[in-house]
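See below for the structure under consideration.
Sequence lines set the chain letters: A, B, ... in the order given, protein chains first and strands last, and positions in each chain run from 1.
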Protein chains: 2
Amino acid sequence: MNNSEFYSASPKEVRRLIRSGALTGQTSGMCAGYAQANLCILPKEQAFDFLLFCTRNPRPCPLLEVGDCGSREIKEMAFGADVARDIPKYRIWRGGSLEAEVTDISDIWRDDFVYFLIGCSFSFEAELLEAGIPVRHIEEGRNVPMFNTNIPLKSAGAFGGNMVVSMRPIPHELVMKAVSVTAAMPRVHGAPVHIGDPSLIGISDIASPDYGDSVTIKKGEVPVFWPCGVTPQNVLMNSKPPFAVTHAPGHMFITDVKNHELKY
Amino acid sequence: MNNSEFYSASPKEVRRLIRSGALTGQTSGMCAGYAQANLCILPKEQAFDFLLFCTRNPRPCPLLEVGDCGSREIKEMAFGADVARDIPKYRIWRGGSLEAEVTDISDIWRDDFVYFLIGCSFSFEAELLEAGIPVRHIEEGRNVPMFNTNIPLKSAGAFGGNMVVSMRPIPHELVMKAVSVTAAMPRVHGAPVHIGDPSLIGISDIASPDYGDSVTIKKGEVPVFWPCGVTPQNVLMNSKPPFAVTHAPGHMFITDVKNHELKY
């Protein structure tokens, strides 16, 4: 994708184009400096356990905002935005199976729906780049490599499993800087969960990610692993809830909050 | 109260005495160094909104642990403890009115109950003392003075209102140190919400606290205000839930987690 024409656009303007149906693609590279968020929507019946799950596992599931039961209105992250129309592509799931991909869910919205906006590593990648730390998958125009691990999560009701991590190869002399930069941003996953040997967290082949694309690891670079926002979606789908909505991969909610502000 | 004989006792031993009925008094000063927690118990029907409320207002309502629906077992804060028997005194509320004070709620426990353990300023007071900062109400053998304020909270469902704060007079040259010490402990309220002039947060008379006792403010001292764990109980009671259980004031849950560990 090439979103360079929206690099400097305001989130409000981009969300307007998304709502009108003019933009339906991935949001990577849009509205530079502003946080983008993962979306999960569940009926209230499942929402308590999912909220509990996220509260117990804030590293992979950092909650940016959770809606009141039945409310489509976003307040904190983008005042007045509509969670049912302002995301370019949604996935509708029944019993854990993908039923449809749509660009608007206002027609199927129900009074018992609860939305969850969850922090995304796009936010800390912007800070890594600012700090002079290369982000390989951006350089190579690929999706970040993501892996299933053996790191257990704290379960809640039907929700449980292991952590999914994203991997970025970091020049060894910049690893501590990358830790410091991301540790300061706990609302978007925070510090790495692991540095170095992938086998210690149950990853057998660093060249074969479970999600996303493989990237080059150069001589002198160390693989560094961060908690990944795919974790909550994965956990959600594994529990095969009767009904759920998520964003389509890469089609995120663009907030009015600067990445920088997520430090506080 | 004088709990000096339990000052160095282990939390496990004290909880055993509480469970047996041998200890039914306040827990202040017991098990030095270990965190104590506030308790709220709600049926699942109200628990989602209360969990959401705490998530939205982490400063006054820092969640230390939330139970699975129906579970009495504590896992993180004191492995194997029983939330229905290991607190010295409980208050049972119906429709917002106090119905009874009891020392055991195992006979009324229901499968839809959810417990909330919420961080308590006892934890950061220990750290203030360690840092050489005086804590007046401890010196004077009183309860900390607490005040209603005009600081609005983010509401969730039936739960909303203003923040309750606790006040400690701090020598002016130690105020920044007190901020730093407590800012490092976000799981037990974190940094102050206000320093100085009480009228700016809606407190008309610093000598007349709404809860707890008045304490001496000496020349050269500044009143410093922290978010207070009375907030969630207040908000809970104001919503007049059909049924709720809380700890009786000062009769806290003593955890196996050191105050020090709440920094991480």
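- Annotation: A:K44, atom NZ; neighbour count of heavy atoms from other residues, nucleotides and ligands within 6.0 Å is above 12.
- For a heavy-atom cut-off of 4.5 Å, chain A lies close to no residue in residues 225-241 of chain B.
- Residue A:E73 places its CD atom among more than 12 non-hydrogen atoms of other residues, nucleotides or ligands, all under 6.0 Å distant.
- Using a 4.5 Å cut-off between heavy atoms, B:L63 contacts chain A through its side chain alone, with no backbone atom that close.
- Within a 6.0 Å radius of CD in B:E99, more than 12 heavy atoms belonging to other residues, nucleotides or ligands are found.
- For chain A, the option among B:T55, B:V66, B:D49 with the highest count of heavy-atom pairs below 4.5 Å is B:V66.
- A salt bridge links B:D68 to A:R56: one of the charged nitrogens lies within less than 4.0 Å of a carboxylate oxygen.
- A:K154 touches chain B through its side chain: at least one heavy atom from C-beta onward sits under 4.5 Å away, while N, CA, C and O do not.
- Once rounded to the nearest 0.5 Å, the distance linking CG of A:L52 with SG of B:C69 reads 9.5 Å.
- Only the side chain of A:E76 comes within contact range of chain B, judged by heavy atoms closer than 4.5 Å.
- More than 12 heavy atoms of other residues, nucleotides or ligands shown are found within 6.0 angstrom of CG on A:D107.
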